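Computed from a predicted structure; not experimentally measured. Every chain is numbered from 1, with letters handed out A, B, ... down the list of sequences.
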Protein chains: 2
Amino acid sequence: MNEENRWDAVPKPAELTETRLIEAILDGHFPVGSHLPAERELAVQLGVTRPTLREALQRLARDGWIEIRHGRHTRVRNYWREGNLGVLGTIARHKNHAPPDFVPNLLEVRISLAPAYTRAAVERKPDHVADLLNNYTTLEDAPQTFATADWDLHRQLTIDSGNPVFTLILNGFSDLYGNMALIYFSLVEARARSRVFYQDLRDAALSNDPEAAESVTRQMMIESLDLWQVAVENLGGGES
Amino acid sequence: MNEENRWDAVPKPAELTETRLIEAILDGHFPVGSHLPAERELAVQLGVTRPTLREALQRLARDGWIEIRHGRHTRVRNYWREGNLGVLGTIARHKNHAPPDFVPNLLEVRISLAPAYTRAAVERKPDHVADLLNNYTTLEDAPQTFATADWDLHRQLTIDSGNPVFTLILNGFSDLYGNMALIYFSLVEARARSRVFYQDLRDAALSNDPEAAESVTRQMMIESLDLWQVAVENLGGGES
DNA sequence: ATCCTTAAGTGGTTAGACCTCTTACCATGA
DNA sequence: TCATGGTAAGAGGTCTAACCACTTAAGGAT
């Protein structure tokens, strides 16, 4: 049953190429505003052929990392200014090390979004929300369990909100969230706090009270910022 | 000076391929959950070669339109559920016809986001925000002018907020916003209302009042929903 | 009936050639 | 002298035709 691959999967050239390009950009080897080497030369440097390299470049361009224009040099864009949510996911997916330091930024944005889609979900489908949360009273007290459950909840709330834009935005957080949540929920206080939140939200849904749902969600999101700070400070303490 | 190219640019095969694939997905020719034809066959059908087709497929996969896995058929994903913000942009970019009916969804999300980053921007850089809005008192009363100015304002506010995640999200709205804003600001009431907003926001910035900034922004965002409804009803009326 | 081999079909990658666009240089001519 | 326009180099865009690697399911051995 899954048994945790003993050996890392052999990285495919295309994926590896993308990773190496991103790391080269992030560590300043290809600074923002600079030009990438020509595709033919870059392909040689990376040990892949041009079509493979180009596929990687096309993906990066779609996320806003680079700007490709016929006849001109490919330019490294100011991805924090000109990129889209894809850059968050790409960083989370390819940076093997270090918990990113912009998690608070993500949590801050979540303070604005989560109360809105939670309220809408409770307005439109209170029964569905309540049903979903029934299983949440008996969650196993493990980080991975909470990480998965919490993600599923938010995802379902955006869907029940009836506004697909919420879902699209949340999906952009997916990879980063996966990295973050394991650290966050390693904190026993975080798990305890979320249990209370799930209970409160369920009550709000059962009593058809979108106002209350919005309120308890906002409070939870605000407190999660502080809990995150505690969690990163405890990294390595092994508190589970 | 720009002079509106008399002839449409010749669509490049790669771009055309992407457009045709998306339209085929949107119109149900390739329904959600179905399998795309094999790359070799699909390339023939589209009149391009495999490398070109693959570049388009890679881009679509990055946005969440399709799922590509080695050895298996490429599957069309439920993009509204599993895609990311890129699908919004891709639709706006490739759908030549019809103003999208999910603009209200975007405006609703904006109600949650704009007050937050506006408040943060006024907290961190009130002078910069006020300076920026100085030029907004003499805006030419034209739809295109307002569309550009409004976009620039929101973009700058997300930057001044100090939270890059706001910027990344907003960039995901870029293409759709471009289509929407021209319709929205064709309404004289919309332009008048925004003038008031720019003035109010400038006052809030000058008096170092983030609370007020947040408040006037929220009010503006809420009213924009109604104004949009009026604007779409007036389509073709030519009110400028 | 079960297991394992195997072949067919899929996406992944390679290689090298040719086409198109952009730019910069430079000869030309007002 | 300066504007014009041709030209060549170099960038990305596309094509061609193979071969590699993974997945699946059919079919044979046990």
Send over the distance from B:Glu67 CD to C:dG11 P, rounded to a whole Å.
-> 13 Å

To the nearest angstrom, how far is A:Arg72 atom CZ from C:dC21 atom P?
-> 13 Å

Result for 5'-nearest mapping on DNA chain C, choosing between A:Gly71 and B:Pro37, is B:Pro37

Atom-pair distance (CD on A:Glu41; P on D:dA11), nearest Å | 8 Å

May I have the distance from A:Leu42 (atom CG) to D:dG10 (atom C1'), rounded to whole angstrom?
-> 16 Å

Please collect all ring-ring contact (aromatic ring centres under 6.0 Å, His included) contacts where either partner lies in residues 16-65 of chain B, sequence neighbours excluded, each pair once.
-> B:His35-B:His73, B:Trp65-B:Tyr79

Inspect the contact between B:Arg191 and B:Asp141 and indicate whether a charged nitrogen and a carboxylate oxygen are less than 4.0 angstrom apart.
-> yes

Under the side-chain contact (heavy atoms from CB on, under 4.5 Å) test, residues paired with A:Arg155 that sit two or more places apart = A:Trp151, A:Ile159, A:Thr167, A:Leu170, A:Asn171, B:Arg81, B:Glu82

Assert: residue with more 5' nearest nucleotide on DNA chain C, out of B:Ile68 and A:Arg69, is B:Ile68

Do B:Arg75 and B:Ser34 have side-chain heavy atoms sitting under 4.5 Å apart?
-> no

Tell me: NE2 of A:His73 to P of C:dA24, nearest whole Å?
-> 9 Å

For every nucleotide of nucleotides 13-19 of chain C, 5' to 3': is a protein heavy atom under 4.0 Å from its base (B), only from its sugar-phosphate (S), or from neither (-)?
-> BBB-BB-

Atom NE2 of A:His35 to atom P of D:dG10: distance rounded to whole Å?
-> 17 Å

Within less than 4.0 Å of OP1 or OP2 of C:dT10, is there a side-chain N or O belonging to B:Thr74?
-> no

With no hydrogens and no angle check, is any side-chain donor or acceptor of B:Asp175 less than 3.5 Å from a backbone partner on B:Ala92?
-> no

Heavy-atom distance under 4.5 Å between the side chains of B:Thr158 and B:Leu168, does that happen here?
-> no

